[in-house]
Each structure stands twice: as structure tokens, then as C-alpha cells.
S.K.: 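Before we start, here is the structure in question, set down as C-alpha cells.
What you are looking at is a predicted structure, and each value in this text was computed from that prediction instead of being measured.
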Amino acid sequence: MARYEPQTSESNWQTAWDDAGVFTAKRDPAKPKYYVLEMFPYPSGKLHIGHVRNYTMGDVIARYKSSSGFSVLHPMGWDAFGMPAENAAMASGGHPADWTYGNIATMRDQMKPLGLSIDWSREFATCDPEYYGQQQSMFIDFMEKGLVYRKNATVNWDPVDMTVLANEQVIDGCGWRSGAPVERRDLTQWFFKISDYSDELLTAIDGLDNWPDKVKLMQRNWIGKSRGLQFAFERTDGGEAIEVYTTRPDTLMGASFVGISADHPIAKALEAENAEVAAFVAECRKGGTTEEALEKAEKLGFDTGIKVRHPLNPEWELPVWIANFILMDYGTGAIFACPAHDQRDLDFCRKYDLPVIDTFLSLDDPKPVETEAFVPPKTEKVKWINHFAGLDEATGDAAINATIDLAERDGWGKGQTQFRLRDWGLSRQRYWGCPIPVIHCDTCGVVPEAKENLPVELPKDVSFDVPGNPLDRHPTWRDCICPQCGGAAKRETDTMDTFVDSSWYFARFTAPRAETPTDLADAEYWMNVDQYIGGIEHAILHLLYSRFFARAMHICGHLPASAVEPFDALFTQGMVTHAIYQTRNAEGRPVYHYPDEVELRDGGGFLKDGTEVEIIPSAKMSKSKNNVVDPQDIISAYGADTARWFVLSDSPPERDVEWTAAGAEAANKHLARVHRIATDIAAQTGDGKGDEDLLRATHKAIHDVTMGIESFGFNTAVAKLYAFTNVVQKSKAGAEARREAMRVLAQLMSPMTPHLAEDVWAMLGGEGLIAQAPWPKADPAMLVEDSVTMPIQINGKRRSEISVPKDMAKEEVEKLALADDAVVKALAGNAPKKLIVVPGRIVNVVI
RNA sequence: GCGGGCGUGAUGGAAUGGUAGACAUAUCGGACUUAAAAUCCGAAGGGCCUAUGCCCGUGUGGGUUCGAGUCCCACCGCCCGCACCA
């Protein structure tokens with residue numbers, strides 16, 4: 001009989017599927033539709049095992065839904081714009097487009113042998129002019145709807161390379177190539193008005209029933225709706241009052257100073273006339289722009305000498321300080337500090353010897369603040385010290401409301417709702433991105449390109465030998481005709497953030513060749529994405545931007561109203577990790593070794609020459625650390641099904657998984673075993689005698705595996721398949737009964753190991769392709785157990801067990817439990833204190 | 001620093017608040033074999049000399065509960081995000 005030979009059979013089945021057009025998505029009015037989407041990959045060069053895991057999960061869902069009678073859309077494309085292509089061009093010459101399309105070809109070739117049920121006819125890359133031209137068209141639509149504007153924003157500026165740096169290119173406050181300290185610099189940039197949708201994006205989260213709670217919580221916190229008080233501090237020198245926004249107006253009596261951002265108009269005015277201020281503000285502008293960098297930076301302050309009056313007591317004067325931790329982007333760019341109830345303010349005040357005033361004390365432990373700020377939850381009752389609204393004991397929440405009411409009644413402040421969410425800055429001063437289709441005309445100003453001139457294509461003849469944006473220094477590309485007045489004009493040279501590209505690709509997949517961004521009829525049929533799968537690292541930005549885009553596309557007529565929340569269900573998978581093997585060179589710097597260079601023995605790892613390597617366990621796969629596992633090796637050694645089976649088994653999909661070659665070998669052994677059992681059963685002769693146990697096990701397997709797939713419990717589904725395989729193997733039932741069980745096993749395995757499933761199906765006389773066979777159904781009658789084993793606990797510890805009919809009355813169970821030897825012994829003639837019977841689950845006797 | 005998550009045998013992990021360790025990997029023992037591989041069968045959280053008996057055990061320390069891996073609080077460690085990485 002034939003052995004398990006995936007190398008030959010897998011490509012044969014892939015051809016068979018292609019010939020039958022099994023995976024071509026068709027609008028079929030007779031069937032419900034199902035849209036499965038995994039986040040599309042960045043074409044970094046090679047597929048890695050993490051991709052295999054991600055796409056296999058999606059494929060299990062796609063194949064399962066297809067078998068369950070759905071018309072399935074399961075597409076694939078490439079998130080193809082971005083910095084690595086330009087970096088590659090800088091490092092080794094060549095053109096970003098060649099590098100990108102070359103990588104796409106390689107990765108597509110690696111992906112196809114996996115046997116994924118993808119409709120490849122819909123493939124596109126975001127760097128295709130056909131795609132980004134439609135994106136430009138939508139940008140113009142968004143402009144017309146008032147969703148696009150320009151304003152100044154801060155970027156990381158490398159003063160040596162004279163170029164804008166991405167956050168990841170800033171290392172310890174310095175440029176990654178030049179090593180020069182990075183400065184913050186203002187540029188005029190393009191923005192999407194996502195803030196128009198702050199409240200809408202927040203409240204709509206409530207409707208995302210099939211999203212993980214953690215993602216919804218992260219999005220809520222990111223949008224950050226808060227209610228606070230806006231009011232002004234009058235200056236003693238008669239200058240313009242300083243507007244501040246605070247979410248803790250209740251602590252106003254503890255105000256120590258007023259702080260303003262280094263970018264605040266007052267700071268800018270002082271900067272022009274005072275050298276000391278200028279020096280301090282320049283110091284504040286050093287370092288990267290990330291919130292993390294700002295928060296972690298040493299808190300610095302500068303006393304401007306300006307004084308303001310406390311709104312509740314005109315006699316009380318507060319100093320105005322410039323502080324490096326205050327953001328101009330949030331609120332009004334000015335705050336008042338209450339050191340007693342904010343650790344950062346306290347640290348600042350101790351450093352600069354500013355007063356610390358308690359406004360409320362703990363009820364349990366009423367002592368004044370010294371080195372640790374007292375910051376109880378706003379729901380906790382505290383004791384107020386001469387509160388201006390007359391409060392004594394009250395929660396923070398109550399005090400905030402009382403303060404806002406008071407300020408509004410007396411007319412010195414106004415309650416206000418504020419969002420943390422900022423508008424989406426989409427400008428990038430880089431070449432390899434979608435050009436912003438806008439023209440700067442001396443007569444007409446900033447005007448959109450005419451749609452008939454789209455796409456505005458990137459010029460091919462560019463060089464990357466100097467830093468900066470090649471579009472800026474291209475000799476002719478910028479020259480154009482103003483679409484409004486017909487005069488000579490210049491193109492915008494900023495390109496779009498790659499998040500724009502990935503904010504609508506899911507919609508484009510519904511009609512990838514349409515001459516408009518979408519085809520409404522196709523979008524109506526296929527949207528929404530029924531199951532979206534991707535990394536948790538995209539929990540906030542990508543998903544939030546996509547939710548905004550879907551709304552913007554809807555008001556521009558590119559998506560139906562039903563698609564404003566584009567992802568019905570979301571699943572976030574973990575990443576695949578692998579140990580890093582390193583030795584040290586003469587200078588003590590680490591040298592990384594590929595896994596196949598290292599032999600593991602005696603609890604250590606050794607190179608061929610016997611040198612012991614240092615093993616760093618479970619690190620995220622990274623090209624630079626040489627710990628990326630290439631699925632190609634596993635596929636050529638064991639076949640695609642082994643790779644698929646392994647990435648699905650053992651680890652729960654949402655958790656990170658450590659790659660081990662041993663696991664792949666073991667997975668392969670199991671698949672070979674299934675093949676062998678099928679071969680044996682196919683050869684089995686004799687009667688068709690059925691078997692109650694086998695039948696029950698079959699229906700239980702159908703039920704368990706189906707539930708496992710439905711709930712993304714692939715690892716537990718695999719465990720159930722192992723158990724069922726053991727039952728089938730050992731079953732003494734007749735030939736036809738075992739064939740039937742084996743066919744069901746093949747079907748249940750088919751979403752995970754589709755090629756092997758076809759092998760087995762064909763061997764056992766299954767009709768047609770298993771990929772097109774309907775999913776088996778469990779008979780509920782076969783799932784019911786007649787009797788159940790109930791553990792008996794004494795004082796919460798398991799001491800015995802009894803077997804009882806499934807629906808035995810509680811009183812009967814109690815009687816049986818009290819008659820149990822262990823219980824009789826423990827009671828020693830006394831009556832139990834308490835007797836707990838959870839029907840069908842457990843008995844607990846409390847003594 | 002802020003927001004979110006995770007932590008269970010040698011290993012991956014299982015477990016609607018109800019028998020902790022399902023299922024597997026590695027290991028050990030046995031069968032088969034001239035032998036090996038493959039395959040099949042079996043053992044196995046730690047400890048108490050014996051066990052159908054008892055104690056301990058889900059990162060650490062507390063708490064709620066008849067009962068906690070699961071819920072609450074604090075801490076430790078790791079991971080993700082922090083708006084120009086994708």
C-alpha cells in the first residue's frame with residue numbers, strides 16, 4: 001500500500017482544486033456569504049513561520065465555512081509601500097519597486113505550496129498604480145467632504161542628514177544613521193479629521209460583540225473621552241489670560257503652579273525676546289516625538305516670571321512655568337499642577353521647591369503628602385480640606401461634578417468634554433508611498449488634482465544616494481498644470497502614511513479590478529468581513545483608522561451604511577518565537593547563528609566545531625537575529641500539512657508559540673499514522689458490523705471539533721482529533737463502520753490538513769473532493785451520556801466519587817453521597833454542617 | 001512613564017467558580033526485530049521506605065467562597081501598544 005508521501009500528493013491536490021475552481025469567490029444568491037480575511041503581509045522578502053500560522057488559521061475558517069454551505073471570500077494581497085524598500089535601495093542600490101515586486105514574487109511562491117484556499121484572482125499590491133490611484137481618488141472625495149486639512153505638526157528632524165526620521169529611526173534620542181541628537185521640528189502636514197468621529201467611534205465599540213474585550217478596552221482608552229473644566233487664569237501683568245483644561249478641577253485648591261508647553265504661544269513669544277527662555281525651549285525640543293520619550297524624559301521646568309491669579313481667590317498668585325512634559329496637542333497646552341494628587345507634579349514641585357498643598361485626605365490614613373502623591377480612584381470617598389463647594393466627605397467624581405457646576409454658576413469656567421484622540425497625520429516626506437494628489441498653485445492655492453489625471457504615479461527615475469525625499473529633488477516630476485486655472489504649478493511631494501493603504505484594502509478585495517474604489521453591488525454582497533484575523537499589535541491604530549475610513553467611504557458613496565463597522569468579528573493571534581543562538585566575537589559583541597548550525601545536546605547548544613552557544617529562549621523572530629524559521633525547510637522535509645498541523649496544535653492561537661523542530665517532526669509522525677490507519681482500514685475486509693462506541697465517539701468528535709473551530713480553539717480541536725484517531729485505530733468494529741468513521745475523521749481534519757484529508761477521502765471511497773463535501777453533522781441523541789461520575793469532596797477536597805444516572809434527583813444524590821464509605825468515615829456518626837450538590841457536577845460535604 | 005495582556009509538570013498546553021495536569025512532545029520500560037529504525041503496548045507533578053491512604057502543588061503574598069488556575073487587591077517577571085515600523 002502507498003506510504004504517506006506529501007511531496008507528490010500535495011501538489012496533485014492543489015492542481016485538482018485549481019481545476020475545479022474550488023476557491024474562486026462567486027456571488028451566489030442561493031448561499032449565505034462568508035468573508036474571511038487575515039491581515040495582509042508586508043513583503044519583507046521571505047515568508048516566515050508566523051505567516052504560516054496566521055494564514056493557516058484563516059484557512060481553517062475559510063474551508064470550514066465553505067464546507068458548511070457558505071459562499072466564501074478569502075483573498076490575499078500585499079501591504080507593499082513603506083520604508084524597508086527605501087532602506088534596501090539605500091543600502092544596496094536598486095529601485096524600491098523592483099525590491100518590492102521581487103519580494104512579492106518570492107513570498108507568493110512560498111505561500112502557494114501551503115495549499116491555502118485563497119482566491120488568487122483577486123490579488124493586488126498597494127503599490128500598484130491601479131490601487132493607489134483609487135486611493136488618491138478617495139482622498140479627493142474626502143477633501144470635498146471636509147475630512148482633510150493641513151496644519152503644523154512636529155516631526156523628528158535629523159540635523160546632520162537633514163531629513164525627517166520615523167520614530168523607529170530614533171534610537172536613544174539620536175538619528176539611527178547619523179547618530180546626531182534628534183530635534184523636534186514643525187512642518188505643515190496633511191491630516192484626516194478623524195476627531196470628527198471621536199464620539200461615534202467610541203460609542204460604536206459597544207456594538208462590536210465579536211471583538212476581544214481587551215481590544216475594545218484599548219480603543220476606548222485610546223479615544224479617551226473625558227469630562228473636565230476649561231477656565232482661564234488671569235495674568236497679573238494684564239497679558240492675555242491662560243486657558244487651561246483639567247480633568248481634576250476638584251483639586252484646584254491644591255494648585256501649585258501653572259504649566260505651559262514649550263510650544264505654547266506665550267512660550268514662543270518669550271522665546272523671541274529672552275535668550276534664557278530660548279535656550280530652555282530649545283532644550284525641550286531635543287529628543288524624539290513619541291509619547292513614551294516625552295513621558296520618560298527628565299522633567300524640566302523654567303520659571304517665566306509671569307504670575308496668574310487663582311480663580312477662587314484673587315489674592316493668591318501662582319507662578320507660570322514652562323515644562324517639557326506638557327503637550328501642545330492635548331487640551332489647551334496649559335495646565336495647573338496639583339502636586340499632592342499627581343506623582344509627576346509632585347516630583348516636579350519637589351525638584352523646583354514649589355509648594356505642595358493637600359486638598360483631600362484618605363479616610364483610613366489621613367496624613368499629608370510627602371514623597372508619594374495620594375491618588376485614590378475617583379470612586380473612593382475621601383475627606384476634603386475646606387472645599388470651596390462645601391464638600392466634606394465625597395468621592396472624586398462627586399467633587400468634580402460639584403466643581404464644574406459651581407464654575408458654570410459663577411461664570412468663571414465651563415464644563416467640557418475632551419478626547420485624547422488626535423487627528424490622523426498622514427503626510428510622509430518619503431518616496432515609496434502613495435502620492436498625495438494635490439497641486440500647489442500660486443494663483444489658486446492648494447487644489448486637488450483632477451480625477452481624470454489620476455493616478456498621480458511615482459516617477460521611476462529616482463536615486464537614494466542622499467537622504468531626504470527624492471520627490472523633492474526630482475528635476476521635473478513636480479511640474480504640472482493647475483487643474484483650476486491651467487497655469488504652471490507644483491505637485492505636493494508628501495506621500496501618504498502606509499496606514500492609509502491598509503485602511504480600505506478589505507473593501508477593495510470585494511471588487512479588486514473596479515474602475516472606482518469599490519463596486520457598490522459587490523461591496524453590498526461581500527461586506528462586512530465576517531472574520532478578521534491579525535496580530536494584537538494592530539489593536540489600536542490599524543483597526544481604528546479602518547473604522548474611520550469605512551465611515552468616510554460611506555459618506556462618499558463607496559461603502560453601504562451597513563459597512564461602517566467593517567469587521568464583524570476579530571481574532572488576534574499570538575506570534576511565533578524561536579530561541580536565539582549567539583556566541584561572542586573578540587570585542588564581546590554578539591554573533592548570531594542560524595538554528596540549523598546548532599546541535600542541541602546535553603542541555604546545551606553547540607556549533608559544528610564544538611563551541612557552545614548562548615541560548616536566549618523565546619524571542620520574537622527577527623531577520624537580524626538569525627532566528628527566523630523558514631517554512632520552506634519544513635515544507636520540503638515534511639510537506640505543507642505537517643507545517644499546518646503543527647502551527648495549529650498545542651498552542652492556543654491567541655498566545656505566542658515557541659517554534660521547535662521536534663514539534664514539526666512529531667506532527668509529521670501523526671499525519672503518517674493517520675495515513676497508515678486509513679490504508680489499513682481501506683484494506684480491511686469482513687462484515688459491516690457497526691459499533692455503538694465507535695458511533696458515539698464519531699458524533700462526539702464531530703461536535704467537539706466543530707465547536708473548537710467555531711471558537712478558535714484549534715489546539716483543543718487538534719487534541720480531540722488525536723483522541724478520536726486513537727478510538728478509530730483501536731476500534732474492533734466492522735469494515736464499513738470503520739470506513740465511515742475514518743471518512744468523518746478525514747473531513748474533520750480537512751480544514752487543517754486538506755491534502756492528507758483528500759488522500760484519505762479518496763482511499764476510502766469518498767465522493768468527489770473532500771474540499772467540496774458538506775460538513776458532517778453531529779446527532780444530538782448520540783451525545784447524551786446516560787450516567788455521570790460525580791466527585792465527592794469533603795471540605796472542598798476530593799475524597800471519593802460516585803457514578804449516578806445523569807438526571808438523578810438531588811435528594812437521591814445526597815443519600816448516595818452520605819452513604820459513601822469515605823463520607824461515613826469522615827462524619828464519624830455526626831451530621832454534616834452543610835451538603836452541597838451541584839447536579840451533574842460535584843458533591844461537597846462540609847464537616 | 002501611561003494603556004492593555006499573559007504567567008499551570010522536563011516541554012507545548014487542558015480545565016462554563018466544581019475531580020488540576022485532557023491531548024501531545026521529550027523521557028523511561030516492554031513487545032516486534034539477527035540488530036537498528038519504524039510501529040505497537042505501558043509508566044510518569046513533587047513528597048511521605050509500602051498505598052485502593054495522607055501531605056504539598058497553577059509566578060509571590062493576601063482576600064472572597066462550601067469550593068479559586070479561574071473572581072478581588074498588592075507585588076514580581078515577561079509580552080504588545082504609545083499616534084512617522086508594519
S.K.: Any chance you could list the contact pattern along nucleotides 62-74 of chain B? Use B for base contacts, S for sugar-phosphate-only contacts and - for none, protein heavy atoms under 4.0 Å, 5' to 3'.
M.R.: ----BS-------
S.K.: Across the strands shown, which category fits A:Ala666 at heavy-atom distances under 4.0 angstrom: base, sugar-phosphate, nothing?
M.R.: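 Sugar-phosphate: the residue A:Ala666, judged by heavy atoms under 4.0 Å, touches backbone atoms but no base.
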S.K.: Can you find a donor-acceptor pair, distance only, under 3.5 Å between A:Gln429 side chain and B:C84 base?
M.R.: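 When only heavy-atom distances are counted, A:Gln429 does reach the base of B:C84 through a donor-acceptor pair under 3.5 Å.
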S.K.: Specify the glycosidic conformation (syn or anti) of B:G4, with syn defined as within 90° of 0.
M.R.: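 Anti, angle beyond 90° from zero.
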S.K.: Using only atom types and a distance under 3.5 Å, with no angle test, would you say the side chain of A:Asn668 pairs donor to acceptor with the backbone of A:Thr642?
M.R.: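 A pair under 3.5 Å: no.
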S.K.: With the side chain of A:Leu217 defined as its heavy atoms from C-beta on, choose the nearest nucleotide among B:C84, B:C80, B:G5.
M.R.: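 Per side-chain heavy atoms of A:Leu217, the pick is B:G5.
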S.K.: Using purine N1 to pyrimidine N3 plus N6-O4 or O6-N4 for Watson-Crick, or N1-O2 and O6-N3 for G-U wobble, both under 3.5 Å, which nucleotide pairs with B:C82?
M.R.: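 Base-paired to B:G1.
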S.K.: In whole Å, what separates the P atom of B:U33 from that of B:G18?
M.R.: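 Pairwise P distance, B:U33 against B:G18, rounds to 50 Å.
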S.K.: If the cut-off is 4.0 Å, is A:Lys797 near the phosphate of B:U19, judged by side-chain N/O to OP1 or OP2?
M.R.: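 It does not, given that no N or O in the side chain of A:Lys797 lies less than 4.0 Å from OP1 or OP2 of B:U19.
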S.K.: Starting the side chain at C-beta, find the nucleotide from B:C55, B:G5, B:U39 nearest to A:Arg676.
M.R.: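 Among B:C55, B:G5, B:U39, the one nearest the side chain of A:Arg676 is B:U39.
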S.K.: Using the C1' atom as the point on both nucleotides, what is the distance between B:U27 and B:C76, in whole Å?
M.R.: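 Rounded to whole Å, the distance is 32 Å.
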S.K.: Quote, to the nearest angstrom, the P distance that separates B:A24 from B:C40.
M.R.: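 Nearest-Å result for B:A24 against B:C40 at atom P: 11 Å.
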S.K.: Using 30° and 60° as the class limits, which term best fits the ring planes of A:His51 and A:His48: parallel, tilted or perpendicular?
M.R.: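 If you compare the ring of A:His51 with that of A:His48, the planes turn out tilted.
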S.K.: Can you find a heavy atom in the side chain of A:Thr290 that is under 4.5 Å from one in the side chain of A:Val170?
M.R.: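 Of all side-chain heavy-atom pairs linking A:Val170 with A:Thr290, none is under 4.5 Å.
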S.K.: For a quick test of your reading: what N or O donor-acceptor pairs under 3.5 Å do the side chains of residues 76-88 of chain A make, sequence neighbours left out?
M.R.:
from, atom 1, to, atom 2, distance (Å)
A:Trp78, NE1, A:Glu123, OE2, 2.8
A:Glu86, OE2, A:Tyr431, N, 2.9
A:Glu86, OE2, A:Trp432, N, 2.5

S.K.: It should be established whether A:Asn221 places a side-chain nitrogen or oxygen under 4.0 Å from OP1 or OP2 of nucleotide B:G4.
M.R.: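 Checking A:Asn221 against B:G4: at least one side-chain N or O falls below 4.0 Å of OP1 or OP2.
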S.K.: Distance check, P atoms only: B:C84 and B:G63, in whole angstrom units.
M.R.: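 Here B:C84 and B:G63 have their P atoms 48 Å from each other.
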S.K.: May I ask you to decide whether A:Asp423 forms a salt bridge with A:Lys193, counting only side-chain N to carboxylate O separations under 4.0 Å?
M.R.: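 Here A:Asp423 does not pair with A:Lys193 in a salt bridge, since their nearest N and O are not under 4.0 Å apart.
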S.K.: If the threshold is 4.0 Å, N to carboxylate O, is there a salt bridge linking A:Glu654 and A:Lys214?
M.R.: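 Not counted as a salt bridge, because no side-chain N and carboxylate O are separated by less than 4.0 Å.
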S.K.: May I ask you to say what A:Lys296 touches in the nucleic acid, namely base, sugar-phosphate or nothing, with a heavy-atom cut-off under 4.0 Å?
M.R.: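 Base: the residue A:Lys296, judged by heavy atoms under 4.0 Å, touches a nucleobase.
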S.K.: Please work out whether the ring planes of A:Phe712 and A:Phe571 are parallel, tilted or perpendicular, with thresholds of 30° and 60°.
M.R.: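 It falls in the parallel class, under 30°.
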S.K.: For A:Tyr532 and A:Tyr505, take the angle between the two ring planes, folded into 0 to 90°, and tell me which bin it lands in: parallel under 30, tilted 30 to 60, perpendicular over 60.
M.R.: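 Plane angle between 30° and 60°, so tilted.
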S.K.: To the side chain of A:Asp79, which of B:A83, B:C85, B:A86 is closest?
M.R.: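 For A:Asp79, the side-chain atoms sit closest to B:A86.
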S.K.: Which one, B:A86, B:A22, B:U19, comes nearest to the side chain of A:Pro791?
M.R.: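 That would be B:U19.
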S.K.: Going by heavy atoms in the side chains, are A:Asp820 and A:Val843 under 4.5 Å from each other?
M.R.: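 A:Asp820 does not reach A:Val843 side chain to side chain.
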S.K.: Give one of base, sugar-phosphate or nothing for A:Arg799, where a contact means two heavy atoms less than 4.0 Å apart.
M.R.: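 Sugar-phosphate, no base atom in range.
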S.K.: Between B:G67 and B:G13, how far apart are the P atoms? Round to whole Å, please.
M.R.: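 Between the two P atoms, the distance is 31 Å.
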S.K.: A side-chain contact here means heavy atoms from C-beta on lying under 4.5 Å apart; do A:Ile436 and A:Ser427 qualify?
M.R.: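 With C-beta onward as the side chain, the pair touches.
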S.K.: So, OP1 or OP2 of B:C23: does either fall under 4.0 Å of a side-chain N or O from A:Asn726?
M.R.: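 Checking A:Asn726 against B:C23: no side-chain N or O falls below 4.0 Å of OP1 or OP2.
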S.K.: Please determine, for the side chain of A:Glu291, which listed nucleotide (B:U19, B:C84, B:A83) has the closest atom?
M.R.: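 So the side chain of A:Glu291 is nearest to B:A83.
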S.K.: With rounding to the closest Å, how many angstrom separate the P atoms on B:G7 and B:C56?
M.R.: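 So the two P atoms sit 25 Å from each other.
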S.K.: Contact class for A:Leu721 (heavy atom, under 4.0 Å): base, sugar-phosphate, or nothing?
M.R.: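 No contact.
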S.K.: Do A:Lys299 side-chain atoms and A:Glu295 backbone N/O form a donor-acceptor pair below 3.5 Å?
M.R.: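 Yes, because the side chain of A:Lys299 sits within donor-acceptor range (under 3.5 Å) of the backbone of A:Glu295.
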S.K.: With nearest nucleotides of RNA chain B determined for A:Glu654 and A:Arg428 from heavy-atom distances, which residue corresponds to the more 5′ nucleotide?
M.R.: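 Residue closer to the 5' terminus by nearest nucleotide: A:Glu654.
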S.K.: Answer with yes or no whether the side chains of A:Ser178 and A:Asp161 bring together a donor and an acceptor at under 3.5 Å.
M.R.: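 Looking only at side-chain atoms, A:Ser178 and A:Asp161 do not form any donor-acceptor pair under 3.5 Å.
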S.K.: Nearest of B:C84, B:G18, B:A38 to any side-chain atom of A:Arg841?
M.R.: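 Closest nucleotide among those given: B:G18.
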S.K.: Considering only B:U25, B:U19, B:G1, which nucleotide approaches the side chain of A:Glu801 most closely?
M.R.: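 Out of B:U25, B:U19, B:G1, the nucleotide with an atom closest to A:Glu801's side chain is B:U19.
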S.K.: Looking at A:Gln189, I'd like to know whether one of its side-chain N or O atoms comes within less than 4.0 Å of OP1 or OP2 on B:C84.
M.R.: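 No, because none of the side-chain N or O atoms of A:Gln189 sits under 4.0 Å from OP1 or OP2 of B:C84.
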S.K.: At under 4.0 Å between heavy atoms, what does A:Val170 touch on the DNA or RNA strands: base, sugar-phosphate, or nothing?
M.R.: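 Counting heavy atoms under 4.0 Å across all strands, no contact is made by A:Val170.
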S.K.: State whether A:Asn715 places a side-chain N or O below 4.0 Å from either non-bridging phosphate oxygen (OP1 or OP2) of B:C23.
M.R.: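 Checking A:Asn715 against B:C23: no side-chain N or O falls below 4.0 Å of OP1 or OP2.
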S.K.: With the side chain of A:Pro84 defined as its heavy atoms from C-beta on, choose the nearest nucleotide among B:A83, B:A86, B:A38.
M.R.: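 Selected nucleotide (nearest to the side chain): B:A86.
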S.K.: Between B:C66 and B:C2, how many Å separate the two P atoms, rounded to a whole number?
M.R.: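 Their P atoms lie roughly 37 Å apart.
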S.K.: Using both distances under 3.5 Å as the test, list the Watson-Crick or G-U wobble partner of B:A74, or none.
M.R.: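 Matched B:A74 with B:U60 under the 3.5 Å cut-off.
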S.K.: Where the side chain of A:Asn167 is defined as all heavy atoms beyond and including C-beta, which of B:C84, B:A86, B:A24 is the nearest nucleotide?
M.R.: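 From the listed options, B:C84 comes nearest.
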S.K.: With both distances under 3.5 angstrom, what nucleotide forms a Watson-Crick or G-U wobble pair with B:G42?
M.R.: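 WC or wobble partner is B:C28.
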S.K.: Base, sugar-phosphate alone, or nothing: which one does A:His538 contact when heavy atoms must sit under 4.0 Å apart?
M.R.: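 Base contact.
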S.K.: Compare side-chain N and O positions of A:Arg673 against OP1 and OP2 of B:C40 and report whether any pair is under 4.0 Å apart.
M.R.: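 For B:C40, OP1/OP2 do have a side-chain N/O of A:Arg673 under 4.0 Å.
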S.K.: Between A:Asp423 and A:Phe499, name the one whose nearest nucleotide on RNA chain B is closer to the 5' end.
M.R.: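 By nearest-heavy-atom nucleotide position, the 5'-most residue is A:Asp423.
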S.K.: If the P atom of B:A68 is compared with that of B:G61, how far apart are they to the nearest Å?
M.R.: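 Their P atoms lie roughly 16 Å apart.
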S.K.: Could you tell me if the ring centre of A:Phe724 sits under 6.0 Å from that of A:Tyr722?
M.R.: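 No: the rings miss the under 6.0 Å criterion.
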S.K.: Return a single string for nucleotides 7-12 of chain B, one symbol per nucleotide in 5' to 3' order, where B is base contact, S is sugar-phosphate-only contact and - is none, cutoff 4.0 angstrom on heavy atoms.
M.R.: S----B
